[in-house]
Engineer: 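Handing you a structure now.
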Amino acid sequence: MFGIQTHMDFEGQGRAEKLSRIIITLFGIVGLIWGGYVQLFSQTVFILAAGFAVAALLTIPPWPMYRRKSLNWQKPRGEAGEEAKKKEKKK
C-alpha cells in the first residue's frame with residue numbers, strides 16, 4: 001500500500017541532527033557578521049531565524065535520504081519457542 005513514510009532510520013537521525021547543527025551554525029556566523037556590519041542586532045536575529053527555518057525544512061520531514069538503512073527486525077518466535085520456555089520454567 002502506498003502511504004506517507006513517517007519514520008527515519010537510526011543513521012538518518014544522526015545525519016539530520018548533524019545537518020541541522022551545521023546549518024544553524026553557518027547562519028548564526030553569517031548573521032553575526034552581517035549584523036555587526038550594519039550595526040543592527042535585528043538583522044542577526046532574522047538571519048538566525050531563517051537558518052532555523054531552513055534547518056527545520058531539511059531535517060524534520062523524513063526525507064528519503066534519512067531512510068536509506070532501515071533495520072531488519074528479527075522475526076517473532078512461533079509456538080515452538082513458547083513451548084520451550086514453558087518446559088524450562090517447569091524444570
Side-chain angles (χ1 to χ4, degrees):
M1 173 159 241
F2 298 104
I4 297 173
Q5 297 290 329
T6 58
H7 68 281
M8 250 186 229
D9 62 36
F10 183 73
E11 290 185 26
Q13 290 175 0
R15 281 193 300 265
E17 183 179 354
K18 187 175 181 180
L19 182 61
S20 69
R21 287 182 182 186
I22 289 169
I23 291 169
I24 291 171
T25 301
L26 289 176
F27 273 78
I29 291 169
V30 169
L32 280 172
I33 292 170
W34 178 251
Y37 178 75
V38 296
Q39 295 294 306
L40 291 171
F41 184 68
S42 63
Q43 294 295 307
T44 300
V45 173
F46 290 142
I47 292 172
L48 187 57
F52 277 113
V54 169
L57 181 66
L58 292 177
T59 60
I60 292 176
W63 299 110
M65 65 183 172
Y66 301 130
R67 291 185 275 124
R68 290 184 184 159
K69 297 181 180 179
S70 63
L71 294 175
N72 294 324
W73 294 94
Q74 206 173 20
K75 297 194 188 274
R77 292 182 184 180
E79 291 180 18
E82 292 175 11
E83 290 174 8
K85 283 184 182 179
K86 287 180 185 177
K87 287 181 182 177
E88 288 179 15
K89 286 183 182 178
K90 289 181 182 178
K91 291 181 181 180

Engineer: Just list the side-chain donor-acceptor pairs under 3.5 Å for residues 22-47, sequence neighbours left out, or say none.
Structural biologist:
unit_1, atom_1, unit_2, atom_2, d
Thr25, OG1, Arg21, O, 2.7
Gln39, NE2, Gly36, O, 2.6
Thr44, OG1, Gly31, O, 2.9

Engineer: Under 4.5 Å between any side-chain heavy atoms of Tyr66 and Gln13, yes or no?
Structural biologist: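 No. Closest side-chain heavy atoms not under 4.5 Å.
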Engineer: Taking only residues two or more places apart in sequence, or in another chain, which ones meet Lys69 in a side chain to side chain donor-acceptor pair (under 3.5 Å)?
Structural biologist: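 Partners of Lys69 under the side chain to side chain donor-acceptor pair (under 3.5 Å) test: Glu11.
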Engineer: Would you check if the side chain of Arg67 reaches a backbone N or O of Pro62 as a donor-acceptor pair within less than 3.5 Å?
Structural biologist: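 It does hold such a pair.
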Engineer: Do side-chain atoms of Arg15 reach the backbone of Met65 as a donor and acceptor pair under 3.5 angstrom?
Structural biologist: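 Indeed, once roles are kept as given, a pair shorter than 3.5 Å links the two residues.
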Engineer: Can you see which heavy atom on Pro61 is nearest to which on Ala56, and at what distance?
Structural biologist: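 In terms of heavy atoms, the two residues are closest at CD-O, 3.4 Å.
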